[in-house]
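Computed from a predicted structure; not experimentally measured.
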Amino acid sequence: MCLVIVDQTLADKMQPEDWAVMGEQSQAYDNSLIERGAYVHAEALQGAETARTVRVRDGDAMITDGPFAESKEIIGGFILVDVVDIDAAMEIAKNIPMARLGAIEVRPVMTF
């Protein structure tokens, strides 16, 4: 996955018409990837304020509202799950083995 990292200070300066242009450009790029056979799937995530993070240490799960990643941590992968709500996703996150080595950030997919 290409995880899109956004500078919020720049995003906050954008006007609705800027977002419309960005959406058109993003769709055009997605279409070019489809034509090249490189496109699998793309989704925008809901804002970071919807995130919850699970850390497992010594068998204990610690849950934090919001995103939290220490600067030494990196995004190592993405697991997409289809569940009824974020609580069900959190239960899945608690059992991901890599949670013992870092954190699992869980966010709902943005609905347009």
Side-chain angles (χ1 to χ4, degrees):
M1 171 213 299
C2 296
L3 182 62
V4 178
I5 307 299
V6 176
D7 179 335
Q8 194 62 48
T9 59
L10 296 176
D12 289 344
K13 295 177 184 177
M14 291 182 62
Q15 300 298 311
E17 56 272 13
D18 298 327
W19 283 112
V21 170
M22 180 69 71
E24 291 169 5
Q25 292 172 345
S26 295
Q27 187 61 55
Y29 187 69
D30 287 353
N31 289 338
S32 74
L33 293 174
I34 291 167
E35 290 171 8
R36 292 189 302 198
Y39 181 91
V40 175
H41 189 78
E43 293 289 348
L45 296 176
Q46 291 187 13
E49 70 279 1
T50 68
R52 295 173 78 188
T53 302
V54 174
R55 293 182 186 280
V56 178
R57 300 294 186 269
D58 299 321
D60 294 325
M62 299 170 285
I63 300 173
T64 306
D65 287 338
F68 181 78
E70 296 177 19
S71 61
K72 63 184 177 185
E73 295 177 324
I74 61 169
I75 303 296
F78 178 88
I79 299 171
L80 180 62
V81 297
D82 184 5
V83 294
V84 297
D85 58 22
I86 195 166
D87 293 325
M90 296 304 293
E91 287 302 311
I92 290 169
K94 290 178 193 177
N95 294 301
I96 295 172
M98 291 299 291
R100 295 187 299 265
L101 300 176
I104 309 297
E105 182 175 316
V106 178
R107 283 194 226 179
V109 173
M110 180 76 78
T111 302
F112 291 100

TODO: Name all pairs fulfilling the side chain to side chain donor-acceptor pair (under 3.5 Å) condition that reach into residues 83-92, sequence neighbours left out, sorted by first residue then second.
DONE: R52-D87, E91-K94
Open item on the list: Within this structure, what is the OG1-CE distance for the pair T53 and M62, rounded to the nearest 0.5 Å?
Closed with: 11.0 Å
Open item on the list: Just to verify, what does V84 make a side chain to side chain contact (heavy atoms under 4.5 Å, CB included) with, not counting sequence neighbours?
Closed with: A88
Task: Nonpolar side-chain network containing F112, other nodes, edges under 4.5 Å - done: M110
- [ ] Grab the two heavy atoms, one from V54 and one from A61, that are nearest each other, plus how far apart they are.
- [x] CG1-CB, 4.4 Å
TODO: Taking all heavy atoms of I86 and all of P108, pick out the closest pair and write down the distance.
DONE: CD1-CD, 4.1 Å
Open item on the list: For the residue pair E35 / N31, report whether a side-chain donor-acceptor contact shorter than 3.5 Å exists.
Closed with: no
Task: Which residues share a side chain to side chain contact (heavy atoms under 4.5 Å, CB included) with E17, sequence neighbours left out - done: Q15
Open item on the list: Tell me if the CE atom of M22 is crowded by more than 12 foreign heavy atoms within 6.0 Å.
Closed with: no
Task: Fellow cluster residues of V21, listed by chain then number, with links counted only when side-chain atoms sit under 4.5 Å apart - done: none
